[in-house]
There are 2 protein chains.
Amino acid sequence: MEASDLFKCIADTQRLRILNLLEAGPLCVCHLQEILDVSQVKMSKQLSIMKQMALVESHREGTWMIYSIKEPIHGLIQNNLNYLREADCSECNQLQEDLLKRGKLILRITDNQEDCPSSICQQIDCC
Amino acid sequence: MEASDLFKCIADTQRLRILNLLEAGPLCVCHLQEILDVSQVKMSKQLSIMKQMALVESHREGTWMIYSIKEPIHGLIQNNLNYLREADCSECNQLQEDLLKRGKLILRITDNQEDCPSSICQQIDCC
DNA sequence: TTAAAATATACCATTGACAGTATATACCAA
DNA sequence: TTGGTATATACTGTCAATGGTATATTTTAA
């Protein structure tokens, strides 16, 4: 895995946002879609790209596919996520917003007793 | 200047190598060409791209164009250069090799009394 | 004023990333 | 076994990045 491939990957704002979210915990495709407000096809493709690069991995739970960071997270990715979360720029702010949205989303699927992939909700002792 | 633009920039190995070299000190186009072993046209284009992004700047000395990092260097660039110089990957090793080549090149143009852009050679009290 | 060196730009062809539509697959519940 | 939900893939058109050739520009020296 060359550094240039990793840079190319996170040069796409959506992929960067996905990695930022997954680094906080696993999510299924539809919830990623909801947070990033992006079409199903596009999300699926982005995840597929990063899966091929071995940056993320997935497992099935019923009809859901749960994506998570493939451990250990690559140092260059971690380094840049850390940097951008501290920095002040429009994309950096978006990463923070996404994490807030993620928090709300997890609360919502807990509270409303919505169907909830256990590997996501078990993070907060629900489901 | 969005983070994604910066990532796109350093996702190109040549541009990354150029920034790595310039961060160590100014160089003229022909010396960058020599170290990276790349055509004149291509080098000129890469520099032009980064000049437009305000990552580098240039000034003329005779027929030479001397390029240098535009201060202050962007934190994201600095951060990644620091990371890659410490890391171990083929591209990381290349960055180190380039810096060695740069050192030898500066010694050579000093020793051989070659024509030497003063803003480069004054770094080592020559010319 | 002409020639040579260093650099930049214009032009063109090729390639690769990306977005969208349609369709396929996998799983579940009735 | 049928329909619905979630997800993936195939196909296609479009646009941007890239690399090469030729040429222009700037400066210096003869």
Side-chain angles (χ1 to χ4, degrees), chain A residues 2 4-18 22 26-53 55-68 105 109 114-121 127, chain B residues 2 4-18 22 26-53 55-68 105 109 114-121 127:
Chain A
E2 294 290 325
S4 57
D5 294 318
L6 295 171
F7 285 134
K8 218 168 292 171
C9 175
I10 57 178
D12 181 289
T13 307
Q14 284 177 1
R15 286 193 292 263
L16 178 66
R17 291 173 69 190
I18 294 169
L22 293 186
L27 280 173
C28 72
V29 180
C30 61
H31 290 151
L32 283 169
Q33 258 178 260
E34 180 181 331
I35 296 177
L36 267 70
D37 189 28
V38 71
S39 76
Q40 184 264 316
V41 177
K42 208 175 164 189
M43 179 55 70
S44 187
K45 281 183 189 171
Q46 299 284 39
L47 290 167
S48 162
I49 289 170
M50 293 194 283
K51 194 172 173 181
Q52 280 217 356
M53 297 179 74
L55 295 178
V56 303
E57 58 190 358
S58 63
H59 71 273
R60 183 177 282 279
E61 280 184 34
T63 58
W64 287 300
M65 287 294 283
I66 312 294
Y67 279 82
S68 42
L105 183 142
I109 57 184
E114 275 186 43
D115 294 65
C116 175
S118 64
S119 65
I120 293 177
C121 292
C127 306
Chain B
E2 294 291 325
S4 57
D5 294 318
L6 295 171
F7 286 134
K8 217 170 292 172
C9 174
I10 58 178
D12 181 289
T13 307
Q14 285 177 1
R15 287 193 291 262
L16 178 67
R17 290 173 69 190
I18 294 170
L22 294 186
L27 281 174
C28 73
V29 180
C30 60
H31 291 151
L32 283 168
Q33 259 178 258
E34 181 181 332
I35 297 176
L36 268 69
D37 189 29
V38 71
S39 77
Q40 183 265 317
V41 177
K42 206 173 165 190
M43 179 56 70
S44 187
K45 280 182 189 173
Q46 299 284 37
L47 291 167
S48 161
I49 290 169
M50 292 194 284
K51 195 172 172 181
Q52 280 218 356
M53 297 179 74
L55 294 178
V56 303
E57 57 190 359
S58 63
H59 70 274
R60 183 177 281 278
E61 281 184 33
T63 57
W64 287 299
M65 287 293 284
I66 312 295
Y67 278 83
S68 42
L105 183 142
I109 57 186
E114 275 186 45
D115 294 66
C116 176
S118 63
S119 65
I120 293 177
C121 292
C127 306

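Proteins get letters first, then strands, A, B, ... in listed order; numbering begins at 1 in each. Heavy-atom basis, side chains included; hydrogens, waters and symmetry copies ignored.
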Within-4.5 Å side-chain heavy-atom neighbours: C9(A) and L55(A): yes

Given atom CG of L47(B) and atom C1' of dT7(C), what is their separation to the nearest angstrom? 10 Å

One should read off an interatomic distance between L32(A) CG and Q14(A) CD, to the nearest 0.5 angstrom, of 11.0 Å

Closest nucleotide among dA8(C), dA8(D), dT7(C) to the C28(B) side chain: dT7(C)

Tell me the interatomic distance from W64(B), atom CH2, to dA4(C), atom P, rounded to whole angstroms. 19 Å

Using side-chain heavy atoms (C-beta onward) and a distance below 4.5 Å, is V56(B) in contact with I18(B)? no

Encode nucleotides 24-30 of chain D as B, S and - characters from 5' to 3', where the letter depends on protein heavy atoms closer than 4.0 Å: B to the base, S only to sugar-phosphate, - to neither. --SBS--

Nearest-Å distance, CE (M50(B)) to P (dT18(D))? 11 Å

Here the distance between atom P of dA6(C) and atom CG of L27(B), to the nearest Å, is 15 Å

Separation of atom CD1 in I66(B) from atom C1' in dA6(C), rounded to whole Å: 11 Å

Pairwise side-chain contact, L27(B) with I35(B), heavy-atom cut-off 4.5 Å (strictly under): yes

Can you check whether any acceptor in the base of dA8(C) is under 3.5 Å from a donor in the side chain of Q40(B), or vice versa? yes

Taking the side chain as every heavy atom from C-beta outward, state whether V38(B) and Q46(B) have any atom pair closer than 4.5 Å. no

Does a side-chain N or O from Y67(B) land closer than 4.0 Å to OP1 or OP2 of dA6(C), or not? no

Within the 3.5 Å criterion, strictly below it, is a donor on H59(A) or E57(A) matched to an acceptor on the partner's side chain? no

Take nucleotides 11-18 of chain C nucleotide by nucleotide from the 5' end and write B, S or -, depending on whether a protein heavy atom sits under 4.0 Å from the base, only from the sugar-phosphate, or from neither. -------S

Atom CD of Q52(B) and atom C1' of dA8(C): how far apart are they, to the nearest Å? 13 Å

Between P on dG20(D) and CD on Q33(B), what's the gap in Å once rounded to a whole number? 13 Å

Let me know, please, whether S58(B) or S39(A) comes out on the 5' side of the other along DNA chain C by nearest nucleotide. S58(B)

Any non-hydrogen side-chain atom of Q40(B) less than 4.5 Å from a side-chain atom of M43(B)? no

Can you list the residues that meet the salt bridge (Lys or Arg N to Asp or Glu O under 4.0 Å) rule with E2(A), with sequence neighbours excluded? none

Heavy-atom check, side chain of I10(B) versus side chain of L6(B), under 4.5 Å: no

In whole Å, I'd like the distance from the CD atom of Q14(B) to the C1' atom of dA17(D). 13 Å

